[in-house]
Amino acid sequence: MPGRLNGSRLAEILTRESAAFASRTAGSAALLETARGVMPDGVPMAWMAGLYRHRPIFVAEGFGSCFRDVDGNTYLDFNHADLSNTIGHGENAVTRRIARQAARGMQFLLPTEDAIAVSQLLRNRVGLPMWQYTLSASAANTEVIRIARAFTGRQKIVLFEGKYHGHIEPTMAEGGAPGANADAAPDGMGISARATADTVNVPFNDIPALARALQDGDVALILTEPALTNCSLVLPEPGFLEEAYRLAKAAGALFALDETHSWQFAYGGLIRAHGLSADFVTLGKGLGSGMPLGAYGMTAELGGFVERHRDVDVAQVRGLAIGGTTYGSAITLAAAHAVLEDILTEAAYTRVAVLGSRLADGIERIITTHGLPWRAFRYGPRSGFCLAPELPRNLDEALPSLDQAFSDARRVFMANRGIWEAIASAGPQVSFVHTEADIDRYLEVAEDFIAAVSAD
Ligand code: PMP
């Protein structure tokens, strides 16, 4: 058990709070019974049942930073659908723009002017000049990998241990010796071992391991988040991403930053905040903020490559395997236009960073008050309990900073007190609609939980 966590106390809390949660969510339980007859686990998407130890609840409605379940319980949301809706629930500038566009047509398989506006806004914020759209970050990463392979004429991709880039085949392999080909994805995932045969995983913040992975000159792409956000929070050491980019260039490989999550951390993403370089940046989740949307920016050279490699006539010239019937639709780009123009403004990021510091300071205060040898994660709006004395620099160090029993007990304890806690490996995070009072309420309940688990 990490520093001074009392295992039997955690188990007791989990049992007691789970029973209370079950009795408060009887309406959801009844719906789940019916839902099980038509959907595996009673949910329309498997993760909804797999993310938490408690059963899923059915949502009735959302408003601002809160949502209410069918039993009338209200939750202050610190998960934001795993950052896929960071602008809050209910009516706002985005839903109004969506309604206007919906009434004028949602999908034509032709461009609308919003596509130009969104691409110009992204170019100005991220710095990459050319943009394409998908329906998810996973699909954006898929297309980036395909373009990189076609462009370089190479197959191998290099990823960092602790990564997550979506449920896409080449990125699902774990492990492998540093710089060697990754192990096959675990059995039972439905992923062919051949699909991951060209994937290499190296430790984050490890330049020698990265250099070794690149030494044969056969790598198409290095794909990484600028800070790993899916195994707690692992920040890049100064110079790491700059050197990784330089090594990629020297080895004739392309370099992609997946800013699906980190786009929410700083205006224009970490590429802008840290003045980084990349050939691609992928986005998703909060860019649509409830509307399914992924995007990737690329250099002018890569944009030109895409132009020269499109389908001419599928019977004659097959272009890159990119695109989908519903990608880049009028409705998704109308939503993104409003998200960027009306909500994710520079001033809004500044406000949210201040609230993020309030959250991280509060978590640090709780840790100190209870004499725990832990740290607070912090980057802009993102915080969390790091259950280790040092902040992690790679996956091996990140694993002990998390604890499943701690997360499970905390989640249900917080839910019973009206806080929808972030998923185990990510957050809590401040959203664009949170207020100081929301942060303070989170901290109050979190402190009660820490007091309950750390009491002797
Ligand atoms: N990239 C990163 C960094 C992510 O965290 C995720 C999802 N957690 C994805 C890509 C995939 O996003 P989606 O499931 O919306 O396609």
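Order of listing sets the numbers, starting from 1, for every ligand and every atom in it. Keep in mind that the numbers below use all heavy atoms, side chains included, and drop hydrogens, waters and symmetry copies. Just so it is clear, the structure is predicted and the values come from calculations on it, not from any experiment.
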Under 6.0 Å from the six-membered ring centre of Trp263 and within 45° of its axis: does the NZ or CZ of Arg272 meet both?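 Arg272 over Trp263 ring: no.
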Lys/Arg cation over aromatic Tyr52: Arg411, 6.0 Å, 45° cone: yes
Considering only heavy atoms of [X], which atoms of ligand 1 have at least one such atom less than 4.0 Å away?
X      : value
His165 : 1 (N), 9 (C), 10 (C)
Ser136 : 16 (O)
Asn141 : 1 (N), 10 (C)
Gly166 : 9 (C), 10 (C), 11 (C)

Identify the protein heavy atom lying closest to atom 13 (P) of ligand 1, giving its residue, its atom name and the separation to 0.1 Å. Ser138 OG, 3.5 Å
Identify the protein heavy atom lying closest to atom 12 (O) of ligand 1, giving its residue, its atom name and the separation to 0.1 Å. Ala137 CB, 3.5 Å
Taking 4.0 angstrom as the limit, do Arg97 and Glu341 come out as a salt bridge? yes
Among Ile450, Ile366, Ile363, which one satisfies side-chain contact (heavy atoms from CB on, under 4.5 Å) with Trp374?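 Among Ile450, Ile366, Ile363, the one meeting side-chain contact (heavy atoms from CB on, under 4.5 Å) with Trp374 is Ile450.
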How are the rings of Phe204 and Phe160 set relative to one another: parallel (under 30°), tilted (30 to 60°) or perpendicular (over 60°)?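 Correct class here is perpendicular.
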Could you say whether the N/O atoms of [X] and ligand 1 ever approach to under 3.5 Å?
X      : result
Thr229 : no
Asp258 : yes
Lys285 : yes
His261 : yes

Does ligand 1 have a heavy atom under 4.0 Å from the side chain of Asp82, from its backbone, from both, or from neither? side chain
Within reach of ligand 1, part of Asn230 (heavy-atom separation under 4.0 Å):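 The answer is the side chain.
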Scan side-chain atoms only and decide if Asp258 and Thr260 contain a donor-acceptor pair under the 3.5 Å cut-off. yes
Test ring-ring contact (aromatic ring centres under 6.0 Å, His included) applied to Phe413 and Phe21, Phe406, Phe449, the passing residue: Phe449
For the residue pair Phe377 and Ser383, what are the closest heavy atoms and their distance?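 For Phe377 versus Ser383, the nearest heavy atoms are O-OG, 2.7 Å.
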